[in-house]
Amino acid sequence: MEGDFVVTPWQVTGDIDYDQLIQRFGTKKVDQALLDRLAGYGPLHPMLRRGVVYSQRDMEWLLDLYDKGVKFSLYTGRGPSGNTHLGHLMPWIFCKYLQDTFGAPLYFQMTDDEKFLFNEGLSLEDTYQKAMDNALDVIALGFDPDKTKIIIDTDCIRTLYPLSLKVAKKVTFSTAKAVFGFDNSTNIGSIFFTSVQSAPAFLPSVLEGRNVPILIPCGIDQDPHFRVTRDVAESLGFYKPALLHTKMFPGLTGGDKMSSSVPDSTIYTTDTAKVVRRKVGNAFTGGAVSAEEQRKTGGKPEVCAVFKYQYYLFEPSDQALDDLADRCRKGDVLCGECKKMLSDRLVHFLEGHQRRREEAKSQLGRFIMRCE
Ligand code: TRP
């Protein structure tokens with residue numbers, strides 16, 4: 001059925017129609033004019049060129065201010081419910097490009113409170129420990145230690161709380177119900193939580209003592225929170241944050257989002273080479289039943305999870321990507337070979353990432369925001 005998909009901060013199911021999501025959420029497409037403009041600040045990131053970063057709010061406004069010399073800050077985050085997987089890294093890698101391109105400070109929120117409130121099976125100790133663990137993955141991506149602060153909610157609540165309260169006072173229960181689908185059985189912490197996710201969008205203004213424009217790069221599933229943030233911003237004396245939305249990173253077993261409940265559909269940053277090769281080996285490609293058959297009919301890169309991995313994250317060259325798609329359609333390259341190519345790449349990437357992740361352990365103190 002058309003439109004039969006769900007995208008909320010806590011649930012992503014069905015075949016996502018991304019254009020329809022722009023309509024539903026009331027965002028704007030990242031169009032050619034914006035791409036041309038962004039290309040003026042530095043080489044366009046492949047995620048922009050390929051429409052992986054595809055939707056936005058108020059980017060023209062943000063860049064107008066930037067061109068006048070008004071510096072913005074970046075804000076993104078992670079709900080630490082488990083180990084980090086490649087789907088989580090995708091918007092963070094894009095965020096790193098934004099930091100490098102615009103020299104912008106980054107505030108990175110770890111919502112240990114959120115994951116405690118929304119997950120039956122997780123204790124606050126669990127989610128706090130995961131926040132610390134996931135911070136290693138953020139640091140491993142190479143963010144500038146002088147410009148990056150990781151905010152762990154339960155540690156920094158003294159700093160966040162006054163802002164959260166100001167937001168909370170302006171958001172009614174009926175708005176929270178309409179935006180997030182809550183009902184009378186929802187615990188009251190969950191109802192309050194969106195105001196905690198709003199707070200870092202205003203924090204730079206408080207810390208710097210000037211009205212700081214904010215750009216939030218995030219998965220499109222997080223947009224509902226920031227509709228609330230934007231609705232209250234001006235009445236609190238702040239700018240509305242601008243946004244750049246990514247599509248959801250595809251799962252290896254087919255479908256639109258990596259799912260933590262299907263372990264083989266996700267590759268964790270801590271997976272060993274052996275596990276990576278097994279998972280990629282079992283990935284959904286949509287290929288024909290036999291090699292002979294596939295040489296005749298060709299493959300379908302549009303539906304192939306292995307191709308999507310290259311497209312979303314791992315093949316930097318557009319030319320190489322087009323060639324691969326071409327050879328696949330003609331039956332010149334078969335799934336086994338593609339899987340081998342992707343596995344080699346993933347293993348190589350993870351080797352580097354895991355080394356930097358180890359090194360990050362001694363860097364935690366520099367990155368994690370201290371709040372009294
Ligand atoms: N709620 C997000 C999650 O579950 C975490 C988060 C907090 C976030 N602040 C953010 C994500 C800002 C993107 C941007 O993953």
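Atoms within each ligand, like the ligands themselves, are counted from 1 in listed order. Quick note: numbers below take in every heavy atom, side chains included, and nothing from hydrogens, waters or symmetry partners.
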A.B. asks: Examine Thr76 against ligand 1 and note whether any of their N/O atoms are separated by less than 3.5 Å.
C.D. replies: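 So ligand 1 has no N or O lying under 3.5 Å from an N or O of Thr76.
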
A.B. asks: How close does the nearest protein non-hydrogen atom get to atom 2 (C) of ligand 1, and which residue and atom is it?
C.D. replies: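 The protein heavy atom lying closest is Gln222 OE1, 3.3 Å.
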
A.B. asks: With a cut-off of 4.0 Å, which atoms of ligand 1 are near a heavy atom of Lys115?
C.D. replies: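 Checking each atom against Lys115, I get 4 (O).
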
A.B. asks: For the hydrophobic clusters of this structure (ILVMFWY residues joined by side-chain heavy atoms under 4.5 Å, transitively), does one cluster hold both Tyr107 and Ile152?
C.D. replies: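 Tyr107 and Ile152: separate clusters.
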
A.B. asks: Tell me whether the centres of the aromatic rings in His88 and Phe249 are closer together than 6.0 Å.
C.D. replies: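 For His88 and Phe249, the ring centres are not under 6.0 Å apart.
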
A.B. asks: Under 6.0 Å from the six-membered ring centre of Tyr54 and within 45° of its axis: does the NZ or CZ of Lys247 meet both?
C.D. replies: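 Lys247 over Tyr54 ring: yes.
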
A.B. asks: Check each atom of ligand 1 against the heavy atoms of Cys218 and keep those under 4.0 Å away; list them by number with element.
C.D. replies: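 Answer for ligand 1: 13 (C), 14 (C).
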
A.B. asks: Could you tell me how the ring of Phe94 sits relative to the ring of His45: parallel (under 30°), tilted (30 to 60°) or perpendicular (over 60°)?
C.D. replies: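 Plane angle over 60°, so perpendicular.
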
A.B. asks: Give the atom numbers and elements of ligand 1 that come within less than 4.0 Å of a heavy atom of Thr111.
C.D. replies: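 In order of numbering, the contacting atoms are 5 (C), 7 (C).
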
A.B. asks: Quick one: does NZ or CZ of Arg24 land under 6.0 Å from the six-membered ring centre of Phe5, within 45 degrees of the ring axis?
C.D. replies: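 Judged by the rule, Arg24 and Phe5 form a cation-pi pair.
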
A.B. asks: Below 4.0 angstrom from a heavy atom of Gln197, which ligand 1 atoms are there? Numbered from 1 as shown, please.
C.D. replies: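 Once the distances to Gln197 are compared, the set is 1 (N), 2 (C), 6 (C), 7 (C), 8 (C), 9 (N), 10 (C).
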
A.B. asks: Does Phe226 approach ligand 1 within less than 4.0 angstrom via side chain, backbone, both or neither, non-hydrogen atoms only?
C.D. replies: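 Side chain only; the backbone of Phe226 stays clear of ligand 1.
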
A.B. asks: Nearest non-hydrogen contact with atom 4 (O) of ligand 1 belongs to which option: Glu114, Arg78, Gln109, His88?
C.D. replies: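 Comparing heavy atoms across Glu114, Arg78, Gln109, His88, the nearest one to atom 4 (O) of ligand 1 lies in Glu114.
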
A.B. asks: Report yes or no: is the cationic atom of Arg227 (NZ for Lys, CZ for Arg) closer than 6.0 Å to the six-membered ring centre of Phe25, at no more than 45° off its axis?
C.D. replies: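 Yes; both conditions hold, so Arg227 lies above the ring face of Phe25.
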
A.B. asks: Among all protein heavy atoms in this structure, tell me which lies nearest to atom 11 (C) of ligand 1, with the distance rounded to 0.1 Å.
C.D. replies: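 It is Gly77 O, 3.4 Å.
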
A.B. asks: Can Lys115 be said to sit on top of Phe118's aromatic six-ring, NZ or CZ under 6.0 Å from centre and within 45° of the ring axis?
C.D. replies: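 Ring-cation test returns no.
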
A.B. asks: If you have a sec, work out which protein heavy atom is nearest atom 15 (O) of ligand 1 and how many Å separate them, to one decimal?
C.D. replies: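 I find the closest protein heavy atom is Gly79 N, 3.1 Å.
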
